[in-house]
Amino acid sequence: MQKERLQKYAELIIKCGLNVQKGQEVIIRCGLDQPDFVAACVEECYKRGAERVKVEWSYMPVSKLHYNYRSLESLSEFTAVEKAEWERKVEKLTCLLWLDSDDPDGLNGTDSEKISKANQARFPFIKPFRDELENKYQWCIAAVPGKEWAKKIYPDLSEADAVEKLWEDILLCSRVDGDPVKAWEEHNANLAKRCKCLNDCRFDRLVYRSANGTDFTVGLNPKGIFMGGGEYALGSNIYYNPNIPSEEVFTTPMRGRAEGKVVSTKPLSYQGKLIENFWVRFENGKVVEVGAESNEELLKNMVSMDEGAAYLGEVALIAHNSPINNTGILFYNTLFDENASCHLALGRGFTNCLEGFENMTNDECEKAGVNSSMIHVDFMIGSADMSITGITADGREVPVFVNGNWAI
Ligand code: ZN
């Protein structure tokens, strides 16, 4: 890939994505796949005045060895070093960039139950720090091609060609060519218009139907608002874009109000394994039944991670006719696939989707219907024939999606 285009991409991520400010600390989490690109991002951070940039490299085959050889007790430990690192994040409001290049099923052959149990054991130690940081720091998820990931999408190409093709896809979906900063400003303005339109409707609930078997109603939060694109870090008012790319408008639904069945339309990569052709049934907001053609046990595991894992945390709307979906590519990666399809997320909701959240504690947000959980996992349900009808509290029905695309 041309150096100049990658340089523009790195600038976009650090300027529009993280919006790193003078004196800030940054952590970059990444694989070993694109070290030169990681270096370009580090340099951009420093050019913008970052005080300290720390790169946390990982390599899936090594992660796999840890999961396989270490005992549950060892994997569950929350060490003094980790505690000190979290304390520093809270003190410095460290920016976090995640450059995803993971193999979508690179952890096949690991014990999912062991990994889940270790995460469950560690969560009570991590939660207070995460609550403390919520909405206050800039973070961004973007992607770079990994060899295994690229070959998963393009099995017929050589490894080098597959990686090059995936670079093209990533740069196209991320609006890197031309003037990316301007493109993102326009894109954010369009998403904001869409949100305003939905927020003015004040829907009480959304009803989804598709020929694939989706027949589902989700209750929206009376104080909830739809958001999309960039957002402001609480306290500092720094505008940043948490996802590059991003096409969604989303809100946090009302905990306890979801009925019926949703059928997935894309595979889900979770804990390094693919859950495929699955469905989920809700009663009173809670998952009561699931089924999957592959990795059904993992899906069952996921919805029982904690009490909130069986409740919804996100409702996101994306037209079937969207730039990412129009590439026709199945990415096997949530950052891309979630932005190509209407989706829901199980687990933690978004407190900043509540009006007045700035003056509310986390407990108050939970009482107002925002779900709390250690997980937040998006899964895709949009289809070409999907209809979504918005229903207001006084029973007025408004078509929101017709044949997979926006109707308002
Ligand atoms: Zn989403």
Side-chain angles (χ1 to χ4, degrees), residues 17 96 98 100 104 134-135 138-143 170 173-175 184 187-188 190-192 194-195 198-199 203 206 208 214 216 218 220-221 224-231 240-255 258 262-270 275 278 280 282 287 302-303 308-309 311-320 322-325 330-354 357 369-383 386 388 400-401 404-406:
L96 177 64
W98 185 31
D100 189 9
E134 188 157 354
N135 303 320
Q138 302 122 266
W139 57 277
C140 178
I141 305 176
I170 291 171
C173 294
S174 306
R175 298 175 154 81
W184 273 83
H187 182 48
N188 278 331
N190 286 335
L191 289 170
R194 183 69 78 191
C195 292
L198 283 166
N199 292 335
F203 291 127
L206 298 176
Y208 294 66
T214 289
F216 171 70
V218 62
L220 300 184
N221 196 304
I225 50 162
F226 280 89
M227 295 176 54
E231 42 191 84
Y240 69 103
N241 280 279
N243 284 189
I244 293 181
S246 180
E247 301 289 335
E248 61 176 348
V249 296
F250 61 93
T251 190
T252 202
M254 187 67 196
R255 187 184 147 112
V262 284
V263 179
S264 75
T265 50
K266 290 180 194 284
L268 168 65
S269 177
Y270 175 66
I275 304 170
F278 62 99
V280 182
F282 294 85
V287 175
M302 184 183 109
V303 300
Y311 290 86
L312 289 173
E314 178 185 351
V315 169
L317 304 175
I318 297 99
H320 197 68
S322 74
I324 299 180
N325 206 36
L330 177 60
F331 282 93
Y332 299 97
N333 175 295
T334 298
L335 176 63
F336 289 83
D337 292 334
E338 73 161 335
N339 281 304
S341 174
C342 283
H343 60 266
L344 301 170
L346 284 161
R348 191 175 62 256
F350 301 117
T351 51
N352 60 346
C353 285
L354 279 194
F357 80 98
V370 179
N371 190 33
S372 165
S373 170
M374 60 187 288
I375 69 160
H376 175 99
V377 183
D378 294 69
F379 64 100
M380 284 54 83
I381 61 167
S383 61
M386 173 157 275
I388 304 175
V400 177
F401 269 60
N405 290 315
W406 288 104

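For reference, positions follow the sequence shown, starting with 1. Just so you know, ligand 1 is whichever comes first in the structure, and atom 1 is the first atom listed for that ligand. In this text the structure is predicted, and so the values were computed from the model without any measurement.
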Closest contact, heavy atoms only, Y270 versus V377: CE1-CG2, 3.7 Å
Which atom of E314 approaches the Zn ion (ligand 1) most closely (N/O/S): OE2
Shortest-distance N/O/S atom, E248 versus the Zn ion (ligand 1):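 Among the N, O or S atoms of E248, the one closest to the Zn ion (ligand 1) is OE1.
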Pair F401 + H320: ring centers closer than 6.0 Å: no
OG1 on T265 to CG on D337, rounded to 0.5 Å: 9.0 Å
Angle at the Zn ion (ligand 1) (to 10°), with one arm to OE1 of E338 and the other to NE2 of H343: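 Vertex at the Zn ion (ligand 1): approximately 80°.
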salt_bridge(R175, E247) N-O dist < 4.0 Å: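 Counted as a salt bridge, because a side-chain N and a carboxylate O are separated by less than 4.0 Å.
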